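Written below as structure tokens is the structure these notes are about.
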Amino acid sequence: MILEKLGCCEDRQPFCVYVAGAGGKTSWIRYLAAGERKKGKRILILTSTHMYAPEAFGSVRGEEDCREAASVRLWEEEIGRRLRTEGIVIAGKRCGEGKIGWVGETVYERVKPWADVVLIEADGSRHLPVKVPGKKEPVIFPDADLIFVTEGMNAVGKPLREVCHRLESAKRILGCGEEDLVTADMVRRMYREGYEPALRAAHPGVPVLPVWVYQEEAANPWEWERDRSGAVTGILWKHD
């Protein structure tokens, strides 16, 4: 679907997609996973930080130290079984409050080859719709083939302090106060001057695309954003 239309993931296995940003990351991952699964792909969903596991798919969660050999075998067996029988699985270490964390490098390297597409949530935003990244954010590994950055357009019209994670960084980029009402241009600038330069410097050659998330129903849930030359510069995604 979206990955196919972008002209990627057809000649690589697995194809590793990282999703950073703020509002809509987990929903976007769920949407991508469902689309790829319809094409018969085997999908592995992980987080490099922490995430709430989408309830739409089966999950493998553990509390054991993922570096221990016995634990690694258990993770391998269960993730492999799920990928073979269900075709899609979310895996992570329990970390409380319904969240899961990183499975560990050993488990990841063992199970990654069994998937066709790996989707990794790589950022946190404390449930806020927009964000500017910190110095160590997002957590993206060298195997990235594609990076999406979600920003929630439901922040528009609200005071910046109510909707933004990393508020002080956003104020510096935007040159505004915390009580200023967010505009669509401000959301875009937080990506263009916050995420985009940092990600392109850290991951040269890896495509980076913003996903502008609108919380509304639509007959066509997504469309390309293009520049004047027709090149794809982002995705407009509408979901309820």
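What you see is a predicted model; the values in this text were computed from it and never measured. Sequence positions, counted from 1, serve as the residue numbers for this chain.
Comment: Lys158 does not engage Glu162 in a salt bridge, judged by the lack of any side-chain N to carboxylate O separation of less than 4.0 angstrom. Ion pairing between a basic and an acidic side chain is recognised when a charged N comes within 4.0 Å of a carboxylate O; Arg81 and Glu77 show no such pairing. Here Lys131 pairs with Glu137 in a salt bridge; the nearest charged N to carboxylate O distance falls below 4.0 Å. Between Arg73 and Glu76 there is no salt bridge, since no side-chain N of the basic residue sits under 4.0 Å from a carboxylate O of the acidic one. With respect to the salt-bridge test (charged N to carboxylate O, under 4.0 angstrom), the residues Arg188 and Glu151 do not qualify.
When the shell of 6.0 Å around CD of Glu217 is examined, it contains 12 or fewer heavy atoms from other residues, nucleotides or ligands.
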Under the salt bridge (Lys or Arg N to Asp or Glu O under 4.0 Å) rule, what do Arg82 and Glu78 come out as? Steps first, then yes or no, please.
CA-CA 6 Å; Arg82 293 275 190 134; Glu78 184 61 14; 3.2 Å; yes
List the steps, then state whether side-chain contact (heavy atoms from CB on, under 4.5 Å) holds for Asp143 with Tyr18. CA-CA 10 Å; Asp143 63 355; Tyr18 287 76; 2.5 Å; yes
- Dump the intermediate steps for side-chain hydrogen bond (donor to acceptor under 3.5 Å, both in side chains) on Thr49 and Glu121, then the final yes or no. CA-CA 7 Å; Thr49 56; Glu121 184 168 306; 5.7 Å; no
- [ ] Could you go through the side-chain contact (heavy atoms from CB on, under 4.5 Å) check for Lys25 and Ser125 one step at a time?
- [x] CA-CA 10 Å; Lys25 291 188 301 296; Ser125 63; 3.6 Å; yes
Can you check side-chain contact (heavy atoms from CB on, under 4.5 Å) on Asp116 and Phe15, steps first, answer last? CA-CA 6 Å; Asp116 298 304; Phe15 189 82; over 6 Å; no
*Run the side-chain contact (heavy atoms from CB on, under 4.5 Å) check on Arg110 and Val72 step by step: do they pass?*
CA-CA 9 Å; Arg110 297 276 186 90; Val72 168; 3.5 Å; yes
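The hydrophobic clustering, which links ILVMFWY residues whose side-chain heavy atoms are closer than 4.5 Å, places Leu128 and Val19 apart. Linking ILVMFWY side-chain heavy atoms closer than 4.5 Å, directly or via other members, places Leu181 and Tyr214 in two distinct hydrophobic clusters. Residues Tyr52 and Leu44 are members of separate hydrophobic clusters, defined by side-chain heavy-atom contacts under 4.5 angstrom among Ile, Leu, Val, Met, Phe, Trp and Tyr.
Met51 CE to Thr26 OG1: the interatomic distance, rounded to the nearest 0.5 Å, is 4.0 Å. Taken from CD1 in Ile43 to CZ in Arg37, the straight-line distance is 7.5 Å, to the nearest 0.5 Å. Taking CG of Leu46 as the start and NZ of Lys112 as the end, the distance is 10.0 Å to the nearest 0.5 Å. One distance of note links OG of Ser48 with CD of Glu105; it measures 13.0 Å at 0.5 Å rounding. Interatomic distance, Leu209 CG to Leu6 CG, rounded to the nearest 0.5 Å: 6.0 Å. Taken to the nearest 0.5 Å, the CD atom of Glu36 stands 7.5 Å off from the CG atom of Leu119.
Here the closest non-hydrogen pair linking Ala198 and Gly194 is CB-O, 3.8 Å. What you find for Gly21 and Asp123 is that their closest heavy atoms are N-OD2, 3.0 Å. Shortest non-hydrogen contact noted between Arg200 and Val208 is NH2-O, 3.2 Å. Listed here is the closest heavy atom pair of Leu199 and Pro138: CD2-CG, 3.8 Å. Between Ile88 and Ala33 the shortest heavy-atom distance is CD1-CB, 3.6 Å. Across all non-hydrogen atoms, the minimal contact from Gly101 to His50 is CA-CD2, 4.1 Å.
Side-chain atoms of Thr183 and Asp185 include no donor-acceptor pair closer than 3.5 Å.
Here the side chain of Asn220 pairs no donor or acceptor atom with the backbone of Trp222 at under 3.5 angstrom. Side chain of Asp145 to backbone of Cys16: a donor-acceptor contact under 3.5 angstrom is found.
Using a 4.5 Å heavy-atom threshold, the side chains of Ile120 and Val17 count as separate. Side-chain contact between Cys164 and Glu178: absent, with no pair of heavy atoms (C-beta onward) separated by less than 4.5 Å. The shortest distance between side-chain heavy atoms of Cys176 and Met186 falls below 4.5 Å. Considering only heavy atoms from C-beta on, Val149 stays 4.5 Å or farther from Val211 through its side chain. Using a 4.5 Å heavy-atom threshold, the side chains of Leu174 and Leu160 count as touching. For the pair Val107 and Ile79, the minimum side-chain heavy-atom distance is below 4.5 Å. Residues Val117 and Arg42 fail the side-chain proximity criterion, which asks for heavy atoms closer than 4.5 Å. Using a 4.5 Å heavy-atom cutoff, the side chains of Trp75 and Val60 are in contact.
Counting only residues at least two apart or in different chains, ring-ring contact (aromatic ring centres under 6.0 Å, His included) contacts with residues 139-196 comprise Trp28-Phe148, Trp102-Phe141, Tyr191-Trp212.
Legend: residues meeting salt bridge (Lys or Arg N to Asp or Glu O under 4.0 Å) with Lys238, ordered by chain and number and at least two apart, are Glu216.
Here the rule is side chain to side chain contact (heavy atoms under 4.5 Å, CB included) with Val187, and of Asn154, Val163, Val130 only Val130 fits it.
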